Amino acid sequence: MTKRIPRSVVLAAVIFALSSACGVGWATNSSWQQEFAISSCKLQTTGRNDYFVLEPGFQLVLEGGGTKVEITVLDETRTIDGVVTRVVEEREWKKGELFEVARNYFAICEQTKDVFYFGEDVDFYEKGKVVKHDGSWLAGQNGAKAGLMMPGAPKLKMKYYQEVAPGVAMDRAEIVGLNETCKTPAGTFARCLKVKESSAISSGTEYKYHAPGIGLVGDQDLRLVKHGFVKCK
């Protein structure tokens with residue numbers, strides 16, 4: 001999903017790790033995983049793991065530093081690279097004005113509960129009008145392929161690519177905490193997953209917190225203010 005701040009440039013070698021019968025084989029050294037044995041999975045458009053809810057109508061709202069982000073799982077699917085994916089819409093406002101709308105495409109592995117990311121269509125706004133589409137990519141086009149958004153069984157020091165779109169989006173994540181506490185206007189959440197995110201093609205890093213049964217509750221200055229099911233769009 002589109003970042004709001006830059007991330008550090010770190011060139012790292014990528015290895016092909018051994019995978020189990022289905023799911024992800026994890027690198028334990030400094031390499032970043034970008035092969036996930038997706039073909040071994042039975043992919044679904046609806047489901048959840050401990051830190052990611054992919055169910056139509058589920059919504060998260062985060063606010064902070066003059067920014068508001070609304071993430072909604074839509075009652076809508078789209079086929080990407082031969083896979084039927086679920087559409088998750090992310091809307092961002094800055095100082096009350098619409099800044100960005102991204103339509104993200106996900107599928108979940110029935111066996112492992114790994115959530116895979118198949119791309120996004122991005123619209124950036126200025127004064128109510130779309131001005132650019134930076135960061136847009138789709139698996140199966142221009143060398144891009146699906147990445148891993150959230151593992152079904154996260155472990156400390158896992159390092160994996162969330163986006164694999166050379167020259168466009170190469171976001172990646174490292175799990176740096178499994179038992180964090182995150183205070184938000186919506187409550188205080190224990191046993192949170194802490195993820196350090198960066199990119200192979202731009203500079204900067206950011207930290208995100210994911211609460212069990214909910215998902216994203218903290219993202220830099222943003223904190224969860226509301227979550228739950230709403231009427232599907």
Side-chain angles (χ1 to χ4, degrees), residues 1 12-56 58 71 73-88 102-121 136-176 178 193 195-200 208 210 212-216:
M1 302 167 103
V14 179
I15 67 170
F16 293 90
L18 295 176
S19 62
S20 57
C22 181
V24 178
W26 296 107
T28 56
N29 56 20
S30 61
S31 298
W32 297 85
Q33 186 82 23
Q34 69 169 2
E35 295 291 333
F36 306 110
I38 295 176
S39 62
S40 299
C41 284
K42 181 179 179 181
L43 295 172
Q44 300 179 321
T45 61
T46 301
R48 65 168 65 191
N49 63 34
D50 287 346
Y51 300 100
F52 196 104
V53 179
L54 192 63
E55 298 175 359
F58 188 74
I71 303 169
V73 183
L74 303 185
D75 188 16
E76 183 179 344
T77 61
R78 179 177 174 183
T79 300
I80 307 292
D81 198 22
V83 175
V84 181
T85 67
R86 174 67 55 188
V87 182
V88 177
R103 288 167 57 83
N104 304 279
Y105 308 112
F106 299 101
I108 187 168
C109 179
E110 180 183 52
Q111 300 97 316
T112 65
K113 303 305 179 184
D114 295 328
V115 176
F116 295 108
Y117 189 23
F118 286 80
E120 62 179 320
D121 288 308
S136 297
W137 68 279
L138 295 175
Q141 296 184 13
N142 302 315
K145 58 184 179 180
L148 178 70
M149 181 51 62
M150 180 60 68
K155 294 180 176 61
L156 198 63
K157 298 184 180 181
M158 280 183 173
K159 301 171 73 173
Y160 51 90
Y161 274 91
Q162 299 166 313
E163 300 178 306
V164 188
V168 179
M170 293 294 291
D171 292 352
R172 58 198 182 181
E174 177 182 1
I175 296 176
V176 296
L178 296 171
L193 187 71
V195 178
K196 179 182 178 181
E197 295 190 355
S198 61
S199 171
K208 293 184 179 181
H210 303 264
I214 297 173
L216 185 66

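Because the structure is predicted, anything quoted here is derived from the model rather than measured. As a basis for the values below, the full set of heavy atoms in this structure was taken, side chains included, without hydrogen atoms, waters or symmetry mates.
K42 contributes atom NZ, which lies 8.0 Å from atom CD of Q111 (distance to the nearest 0.5 angstrom). Taken to the nearest 0.5 Å, the CD atom of Q44 stands 13.5 Å off from the OG1 atom of T85. Within the model, atoms CG of N142 and CH2 of W137 stand 12.0 Å from one another, a figure rounded to the nearest 0.5 Å. Here I80 contributes atom CD1 and D121 contributes atom CG; the two are 7.0 Å apart, rounded to the nearest 0.5 Å. How far CD1 of I108 is from CZ of R86: 11.5 Å, rounded to the nearest 0.5 Å. Here CE of M170 is found 9.5 Å from CD of E163. Values are rounded to the nearest 0.5 Å.
Listed by chain and residue number, nothing satisfies the salt bridge (charged side-chain N to carboxylate O under 4.0 Å, His left out) test with D81 (two or more places apart in sequence, or in another chain). Partners of V84 according to the side-chain contact (heavy atoms from CB on, under 4.5 Å) rule, which considers only residues two or more places apart in sequence or in another chain, are T45, T77, T79. Residues that satisfy the ring-ring contact (aromatic ring centres under 6.0 Å, His included) test with F106, not counting sequence neighbours, are F52, Y117.
Proximity of L43 to F118: side-chain heavy atoms (C-beta onward) are separated by under 4.5 Å at one or more points. M150 has its side chain within reach of N49: a pair of non-hydrogen atoms, C-beta onward, lies under 4.5 Å apart. A heavy-atom distance below 4.5 Å is not found between the side chains of L54 and R48. Between C41 and F116 there is a side-chain heavy-atom pair separated by less than 4.5 Å. Between R103 and R78 the shortest side-chain heavy-atom distance does not fall below 4.5 Å.
Here the closest non-hydrogen pair linking D171 and S199 is OD1-CB, 4.0 Å. Contact between Y161 and A200 at its shortest, heavy atoms only, is OH-CB, 3.5 Å. For V53 against G213, the heavy-atom pair with the smallest separation is CG2-O, 3.9 Å. Between P154 and L193, the shortest heavy-atom distance links the atoms CB-CD1, 3.9 Å.
E55 places no side-chain N or O within donor-acceptor distance of the main-chain N or O of V73, the cut-off being under 3.5 Å. In this structure a side-chain-to-backbone donor-acceptor pair under 3.5 Å is present from Q33 to E35. A distance-only check finds no donor-acceptor pair linking the side chain of N104 to the backbone of E120 [under 3.5 Å].
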Y105 vs V83, side-chain contact (heavy atoms from CB on, under 4.5 Å): CA-CA, chis, key distance, verdict: CA-CA 10 Å; Y105 308 112; V83 175; over 6 Å; no
